[in-house]
Number of protein chains: 2
Amino acid sequence: MSKINIKYLAKELNLSISTVSRALRDSHEISGETKKRVFDLAKRLNYQPNSNASGLRGQKTKMIAVVIPDMVNDFFSLVISGIEKVTQEKGYHILLHFTHGDHELEVSFINTLASGRVDGVLLSMSSEDNDSHHLAELNSSGIPLVLFDRVSECVSNVKVTSDNHESSVLATHHLIEAGCKKIAYLQVHKNIPVGKVRMNGYLEALQQYSAQKVPLVLECTNDNDETFELIQKMLVAEKPDGVFASVEKLAVVCYRVCEKMRLKIPDDIKIISFSNLHTAALLNPSLTTITQPAFDIGETAAKELFNIINKKNRTLAGDNNNVVLQSRLIKRRSTARY
Amino acid sequence: MSKINIKYLAKELNLSISTVSRALRDSHEISGETKKRVFDLAKRLNYQPNSNASGLRGQKTKMIAVVIPDMVNDFFSLVISGIEKVTQEKGYHILLHFTHGDHELEVSFINTLASGRVDGVLLSMSSEDNDSHHLAELNSSGIPLVLFDRVSECVSNVKVTSDNHESSVLATHHLIEAGCKKIAYLQVHKNIPVGKVRMNGYLEALQQYSAQKVPLVLECTNDNDETFELIQKMLVAEKPDGVFASVEKLAVVCYRVCEKMRLKIPDDIKIISFSNLHTAALLNPSLTTITQPAFDIGETAAKELFNIINKKNRTLAGDNNNVVLQSRLIKRRSTARY
DNA sequence: TTTATTTACGGAAACGTTTGCGTGAAAAGA
DNA sequence: TCTTTTCACGCAAACGTTTCCGTAAATAAA
């Protein structure tokens with residue numbers, strides 16, 4: 001066992017525990033000479049402060065929790081990379097937790113965090129949104145919380161999102177301009193704000209720009225095989241000439257369905273999707289995407305969180321506590337005119 | 001601030017602190033009636049034990065560290081998902097850390113961990129391998145360590161890997177069977193075992209199955225643009241008819257180069273790659289891959305770690321402490337015969 | 001010179017748990 | 001009835017820090 005603690009250093013140097021502690025924290029109360037002795041020995045013995053002890057005493061754990069649904073798509077991987085860039089700079093660590101879209105898991109984990117395990121929380125919510133009671137409780141525990149992407153309307157915390165509504169309008173408009181007369185919308189997460197907002201963008205764009213009077217919305221599930229069947233049935237029954245996938249994996253499944261049904265993309269059907277797939281350009285055909293600034297979202301959310309942790313209340317967000325970042329529409333072959 | 005601690009519960013119930021603590025841990029020393037009173041109040045007040053305090057006292061943090069190079073490919077995302085499945089079951093949490101292939105970062109982080117921040121460590125090493133001194137130190141600190149994928153030969157810890165050598169031979173053989181007369185090998189990480197092992201597989205397969213007497217190895221870098229140039233120059237100069245990418249991202253870059261050079265895959269050149277890309281089947285053309293059991297690797301490594309943490313020394317590994325899982329060669333169009 | 005201030009350090013409490021030990025009362029055994 | 005065991009609980013120490021306080025000595029101000 002590693003027995004090199006402050007007490008040991010103190011004994012070794014004929015100093016008191018408090019002096020060593022202060023020296024290590026570079027306190028002005030300690031003479032330069034003493035500090036140097038302490039630093040040197042600490043380095044020589046590879047002293048590492050016990051984080052539980054300092055966390056217990058000082059309420060500073062040097063850790064933030066990142067709570068996300070899962071990591072099945074490239075979006076969250078990029079977000080985490082962005083978060084990590086910031087935590088790395090700040091000397092912080094990431095406590096990672098997946099909710100798997102299970103609201104109960106989210107609640108129980110958030111509750112766990114309220115006990116002071118971390119200095120702050122970054123959260124992208126699970127599917128259900130009606131109940132944000134646990135977030136209120138976390139807030140009242142005094143632990144800073146920043147939401148990103150899948151946010152809740154019920155709390156007033158800082159939120160970092162992307163311009164889902166405009167992007168969704170833009171995407172739908174792009175399909176219409178490409179000649180689509182009947183556009184299907186593949187949806188999942190209809191209960192969380194981001195899901196609603198994206199669909200509203202689709203609906204509005206139809207009303208505004210298209211002759212298509214009746215929207216075509218397909219509710220998909222979290223099970224890929226099931227979704228495959230659903231999409232196939234829909235394509236057979238409705239024969240849309242455009243598909244707007246609200247999340248990446250639906251586009252992937254849709255590609256598979258089209259392959260099976262021998263539908264030519266983009267000749268028979270055009271596809272656009274919200275996606276951070278880094279292979280989008282290499283797909284067959286290359287996939288037109290609305291690409292969220294995932295890395296930026298993570299980086300921004302982390303910075304906002306540290307602003308709160310460090311009590312600099314200057315936030316990038318305005319009074320409404322919202323930071324909205326721009327997505328990009330990247331046109332590729334899957335929506336080419338012919 | 002959340003002030004609901006054991007002391008508060010004790011006062012509220014007219015019990016001593018120790019009794020409450022024991023009741024919460026379901027000790028046999030406490031009567032059923034008292035336990036119930038404690039449980040009920042704890043639940044009602046949403047009591048959450050302070051992890052720093054219990055970590056400090058009992059040396060149990062309910063956290064394991066996962067140290068990986070980064071998350072730019074699907075492999076590590078899947079590994080983490082596998083790990084998370086196990087930690088979820090065990091009620092553990094994941095402390096995530098990226099080394100970005102920087103050996104110094106790895107060392108300093110591992111050192112940090114030696115102070116008891118976590119109950120165990122899962123590590124996939126950064127590029128440099130000559131120095132595993134920090135691992136020895138971690139071992140001597142008594143914190144269980146399991147290595148996976150990018151392992152070191154210098155330590156005797158449990159290691160979970162996949163059959164890189166056989167897979168590499170198989171991949172090369174597959175290209176040869178597909179008719180390739182001149183196969184290039186795209187490599188990075190030449191300093192870590194997994195890199196060496198994979199290349200040896202390529203070299204051996206050439207000797208054994210091919211008329212190609214001189215291997216064609218291209219050293220790539222971590223910078224994609226640089227790698228793009230390198231590959232392009234190599235393709236122009238050497239005109240290979242087959243490419244074996246030792247890691248996923250090299251295959252992706254190679255696809256881009258071929259697109260730019262208007263080389264037809266698989267007609268002009270065939271490509272195979274180690275990869276966990278879930279869109280491999282949808283690429284243009286679909287990419288033949290050696291797919292590692294990434295999720296299994298994560299799951300297995302985590303299970304091995306918990307075996308050690310819980311002192312059940314029954315390991316899946318044999319005496320040599322190695323668990324080797326099978327990869328799969330998935331044949332797709334990028335290596336089709338014509 | 002005397003007094004006030006600063007400097008540099010030590011003592012000890014506190015953070016919230018866990019756990020070895022002690023103990024009175026009840027139950028069991030003699 | 002008396003002794004022994006079991007039961008159910010309380011006391012207090014310990015984990016490694018941080019920090020409030022106190023205090024000698026050194027320095028500055030009077």
Side-chain angles (χ1 to χ4, degrees), chain A residues 1-39 42 45-63 112-119 141-143, chain B residues 1-39 42 45-63 112-119 141-143:
Chain A
M1 286 298 169
S2 161
K3 278 281 169 201
I4 0 161
N5 51 24
I6 285 195
K7 194 185 298 185
Y8 182 83
L9 293 182
K11 190 175 299 177
E12 205 73 4
L13 293 167
N14 262 328
L15 290 171
S16 77
I17 289 179
S18 51
T19 301
V20 174
S21 175
R22 274 187 270 252
L24 289 171
R25 317 194 94 237
D26 203 20
S27 162
H28 63 277
E29 292 188 64
I30 306 298
S31 72
E33 187 191 8
T34 303
K35 277 186 198 171
K36 185 169 160 32
R37 287 178 61 214
V38 174
F39 282 143
L45 298 183
N46 192 25
Y47 163 75
Q48 299 290 342
N50 182 301
S51 55
N52 285 315
S54 47
L56 177 58
R57 174 57 218 245
Q59 324 289 6
K60 287 190 190 303
T61 64
K62 287 281 180 183
M63 291 194 344
T112 293
L113 295 177
S115 71
R117 187 187 271 277
V118 295
D119 294 349
S141 82
I143 294 178
Chain B
M1 287 299 168
S2 160
K3 278 282 169 201
I4 0 161
N5 51 26
I6 284 194
K7 194 185 297 184
Y8 183 82
L9 293 182
K11 192 174 298 176
E12 204 74 3
L13 292 166
N14 262 327
L15 289 171
S16 77
I17 289 179
S18 52
T19 300
V20 174
S21 174
R22 274 186 268 252
L24 289 172
R25 318 194 92 237
D26 204 19
S27 162
H28 63 276
E29 293 188 64
I30 307 298
S31 73
E33 187 191 8
T34 304
K35 277 186 199 171
K36 185 169 161 34
R37 287 179 60 215
V38 174
F39 282 143
L45 299 183
N46 192 26
Y47 163 75
Q48 298 291 342
N50 183 300
S51 56
N52 285 314
S54 47
L56 177 58
R57 172 58 218 244
Q59 323 290 6
K60 286 186 192 303
T61 64
K62 287 279 179 185
M63 292 195 338
T112 293
L113 295 177
S115 71
R117 188 186 271 278
V118 295
D119 294 349
S141 83
I143 295 178

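Note that the coordinates shown come from a computational prediction; the quantities given were computed from them, not determined experimentally.
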Q | Distance-only donor-acceptor test, B:Ser16 side-chain atoms vs D:dC9 base atoms, 3.5 Å | A | no
Q: Considering only NZ, NE, NH1 and NH2 on the basic side and carboxylate oxygens on the acidic side, decide whether B:Asp26 and B:Lys35 come within less than 4.0 Å.
A: yes
Counting any heavy atom closer than 4.0 Å, what does [X] reach on the DNA or RNA strands: base, sugar-phosphate only, or nothing?
{"X": "B:Ser54", "answer": "sugar-phosphate"}
{"X": "B:Ile17", "answer": "base"}
{"X": "B:Tyr47", "answer": "sugar-phosphate"}

Does a side-chain N or O from [X] land closer than 4.0 Å to OP1 or OP2 of [N], or not?
{"X": "B:Arg22", "N": "D:dA8", "result": "no"}
{"X": "B:Thr34", "N": "D:dA8", "result": "no"}
{"X": "A:Ser21", "N": "D:dT17", "result": "no"}

Atom pair distance, as rounded to whole Å: [atom1] in [X] and [atom2] in [N]:
{"X": "A:Leu24", "N": "D:dT18", "atom1": "CG", "atom2": "P", "result": "8 Å"}
{"X": "A:Glu33", "N": "C:dC9", "atom1": "CD", "atom2": "C1'", "result": "13 Å"}
{"X": "A:Lys60", "N": "D:dT19", "atom1": "NZ", "atom2": "P", "result": "9 Å"}
{"X": "B:Leu15", "N": "D:dC7", "atom1": "CG", "atom2": "P", "result": "19 Å"}
{"X": "A:Asn14", "N": "C:dA8", "atom1": "CG", "atom2": "C1'", "result": "16 Å"}
{"X": "A:Asn50", "N": "D:dT18", "atom1": "CG", "atom2": "C1'", "result": "13 Å"}
{"X": "B:Ile6", "N": "D:dA12", "atom1": "CD1", "atom2": "C1'", "result": "15 Å"}
{"X": "A:Lys36", "N": "C:dA8", "atom1": "NZ", "atom2": "P", "result": "17 Å"}

If you check every side-chain atom of [X], which of [options] has the closest atom?
{"X": "A:Leu56", "options": "D:dT17, C:dG16, D:dC11", "value": "C:dG16"}
{"X": "A:Arg57", "options": "D:dG10, D:dC9, C:dA13", "value": "C:dA13"}
{"X": "A:Arg25", "options": "C:dC9, D:dT18, C:dT18", "value": "D:dT18"}
{"X": "B:Ser18", "options": "D:dC11, D:dT18, C:dC9", "value": "D:dC11"}
{"X": "A:Glu29", "options": "C:dC9, D:dT18, C:dC21", "value": "C:dC9"}

[X] to [Y] - nearest heavy-atom pair and separation:
{"X": "B:Ile4", "Y": "B:Tyr47", "value": "O-CD1, 3.1 Å"}
{"X": "A:Val118", "Y": "A:Thr61", "value": "CA-OG1, 3.3 Å"}
{"X": "A:Arg117", "Y": "A:Met63", "value": "O-CE, 3.6 Å"}

Q. Side chains of A:Leu24 and A:Val20: does their closest heavy-atom pair fall under 4.5 Å?
A.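 Touching, per the 4.5 Å side-chain cut-off.
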Q: Assess the side chains of A:Asn50 and B:Ser115: does a donor N or O sit below 3.5 Å from an acceptor N or O?
A: no
Q | 5′-ward residue of the pair B:Ser31/B:Gly58 relative to DNA chain D | A |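 Its nearest nucleotide lies further toward 5', so the answer is B:Ser31.
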